[in-house]
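Scope of the values below: all heavy atoms of this structure, side chains included, with no hydrogens, waters or symmetry mates. Naming convention: chains lettered A, B, ... in sequence-line order (proteins, then strands); numbering from 1 in each chain. Every value quoted in this text rests on a predicted model; they were computed, and no experiment measured them.
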Protein chains: 2
Amino acid sequence: MHRSDLYASSTAAQGGALAGLAMATPASQHAEARLNGQRIAEALRLLSTTVDVQRRIVRAGDTVYQTGQRFSHLYILNSGIFKLLSLSADGREQVVGLKFRGDWMGFAGIAKGHYACDAVAMDTGEVWAIRYDTLLAACARQPELMVLLHEAMSAEIVRERESVLSLCTLPADARVADFISYWADSLASRGLRTDQITLCMTRAEIGNYLGLTLETVSRALSKLVRERLISFAQKGRRDISIPDIGLLRSYAQRGQTAAGHTLQ
Amino acid sequence: MHRSDLYASSTAAQGGALAGLAMATPASQHAEARLNGQRIAEALRLLSTTVDVQRRIVRAGDTVYQTGQRFSHLYILNSGIFKLLSLSADGREQVVGLKFRGDWMGFAGIAKGHYACDAVAMDTGEVWAIRYDTLLAACARQPELMVLLHEAMSAEIVRERESVLSLCTLPADARVADFISYWADSLASRGLRTDQITLCMTRAEIGNYLGLTLETVSRALSKLVRERLISFAQKGRRDISIPDIGLLRSYAQRGQTAAGHTLQ
DNA sequence: CGAGTTATTGATGTTTGTCAAGTCTAGTGG
DNA sequence: CCACTAGACTTGACAAACATCAATAACTCG
């Protein structure tokens, strides 16, 4: 195990409490994915019928808001993939989040009245913009809208914590494996194919997101290929096949090739 | 500079957009702190008058909720300091957040219906529990309550991103300096003294929070003392004096001792 | 086809983790 | 009040992981 495992004493007692996190079987995962995809579709429908949304088509590289701009709208991704770029006062730049269909963008702007990062499209897609003040008003009238909004913010907090966990506890190879698993899961939970995925990010961007250099990312990918956990499509090295997502995930979690990931 | 600075090309153009993040002068910082402290007091007053809160005194080590428990309440810290402990399915344990007076806890539970981490008190304090369903109902009646809630969730997202930024872009020493600055800022923005602060965490916990080992934390602290950026109180090594928070902050940001942090 | 970007791979150096003393502190019981 | 002890902390020596530097290959787009 990597780094501090000092709290081992308290973990044993909580095995029971973790029951809610028990691994789903492949079958139930698939059902869950469809359910999740439906939930997203429903959420989008609810939004488009209850509040005024401005739809906008974006192409790779387009920005829907920038750091420091006055906060006014929240954005929901109908299709495409976005990255959130945070830039610190001293010029460090960091990919702090990835967004897929159904995800909201701009939450961080609510607290301070200014957007806290740049939202940049990584391929073509469609974004819906919603004025925050009108959304608030709609939420007051329509409780289910408020619930939707809270769940989205909560999910973002959860995801961000998973990032921290990965950054703090996993070695480079596992972090890259975890990243690919996350990407695949994100697609899967939206009902998209995951046996062949296209990472629309350069090695440098992946490295930045994972706190690694581009060379380390490249080496990690090569290693994953050698271990047959992933493989590249014939042409190009952006298209990745994942023969067994479970194997990849357990590699990420244990930081090594796991024999029999289906064991409890 | 540490690690990838690949996006330098795009940063220059956005200097203007960053105007909202311009550094405050010490005087305005102090005013801001008082304002912030008042805002927290006001928020607590609003809550206690509009919704039913259960108050509970906690001592160091007490837990107000645990990973996997069914989500039902949100919690607000009236006093004391909490840590949030996330434990992954495979047993990795991670401090994913620190909470001070006025902070909310439990947001991550909204999305999945179960708490996503343990909330553990690090010293004595008072927590207010609020049923989430009654809070939702109150929010629908009372828009200012909803705004309050959204701002709190947004602030948590912002803070979490700052963590990621620190983890990904700063070397060990700077990360520790950044951590101490963050702690001091957290106290300052609540109107508390910051020239002498008590970190109620062991080196192991700090290391876990920062993705470092306890030895590295210890060495970093020793180095900060050598560089006169901090100093320990006579007895014990938990009480830290910060002669100049600005110097410490610029050390964190530049990753080295900065001459003249007041320069633009 | 050729220029420029992106990716891979190797050689080397630095940072940080690991292991191992040893010190300090607070708390316990004689 | 004074050992005694257990946990927290510090420091050094060494090893491992990762960053850096550099050379080359592959792909993209004109």
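For the helix from dC1(C)-dG30(D) to dG30(C)-dC1(D), the end axes, each set by the C1' atoms of five terminal pairs, are bent relative to each other by 40° (nearest 10°).
Glu215(B) contributes a side-chain N or O that forms a donor-acceptor pair with the base of dC19(C) under 3.5 Å. Side-chain to base pairing of Arg219(B) with dG12(D): one donor and one acceptor N or O lie within less than 3.5 Å of each other.
To the nearest angstrom, C1' of dA8(D) lies 12 Å from CD1 of Ile206(B). Across the protein-nucleic acid pair, Asp239(B) atom CG and dA8(D) atom C1' stand 15 Å apart, rounded to whole Å. When the P atom of dT6(C) is taken as reference, atom CZ of Phe232(A) falls 16 Å away, rounded to whole Å. Distance CZ (Arg175(A)) to P (dA17(D)): 13 Å, rounded to an integer number of Å. If you measure from atom NZ of Lys223(A) to atom P of dA17(D), you get 8 Å, rounded to the nearest angstrom. Look at CG on Leu214(A): it is 15 Å from P on dA22(D), rounded to the nearest Å. In this structure, CZ of Arg238(A) is placed 18 Å from P of dA26(D), rounded to the nearest angstrom. One interatomic measurement links the two molecules: CG of Leu199(A) to P of dC27(D), which rounds to 16 Å at whole-angstrom precision.
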Shorter than 3.5 Å, N or O on both sides, protein versus nucleotides 21-25 of chain C: list them out with atom names.
none

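By the side-chain hydrogen bond (donor to acceptor under 3.5 Å, both in side chains) test, Asp62(B) is found to be paired with no residue, residues two or more places apart in sequence or in another chain being considered. Every residue two or more places apart in sequence or in another chain that forms a ring-ring contact (aromatic ring centres under 6.0 Å, His included) with Phe100(A) is listed here: Trp183(A). For Asp195(B), the side-chain contact (heavy atoms from CB on, under 4.5 Å) partners two or more places apart in sequence, or in a different chain, are Arg193(B). Listed by chain and number, the residues in a side-chain contact (heavy atoms from CB on, under 4.5 Å) with Ala129(B) are Gln54(B), His73(B), Tyr75(B) (sequence neighbours excluded). Residues forming a side-chain contact (heavy atoms from CB on, under 4.5 Å) with Ala172(B) (at least two apart in sequence, or on another chain): Leu212(B), Thr216(B).
For the OP1/OP2 pair of dT20(D) and a distance below 4.0 Å, the side-chain nitrogens and oxygens of Thr213(A) include no atom meeting the criterion. Considering only side-chain N and O atoms, Ser222(B) lies under 4.0 angstrom from the phosphate OP1 or OP2 of dT11(D).
Here salt bridge (charged side-chain N to carboxylate O under 4.0 Å, His left out) pairs that include residues 208-224 of chain B, with residues two or more places apart or in two chains, are Asp173(B)-Lys223(B). The ring pair (Phe, Tyr, Trp, His ring centres under 6.0 Å) pairs that include a residue from residues 207-238 of chain B are Phe179(B)-Tyr209(B), where partners are two or more places apart or lie in different chains.
Nearest nucleotide to the side chain of Thr216(A), out of dT10(D), dA8(D), dC18(D): dC18(D).
By the 4.0 Å N-to-carboxylate-O rule, Arg159(A) lies close enough to Glu162(A) to be salt-bridged with it. Salt-bridge annotation for Arg190(B) and Asp103(B): present, with a side-chain N of the basic residue lying under 4.0 Å from a carboxylate O of the acidic one.
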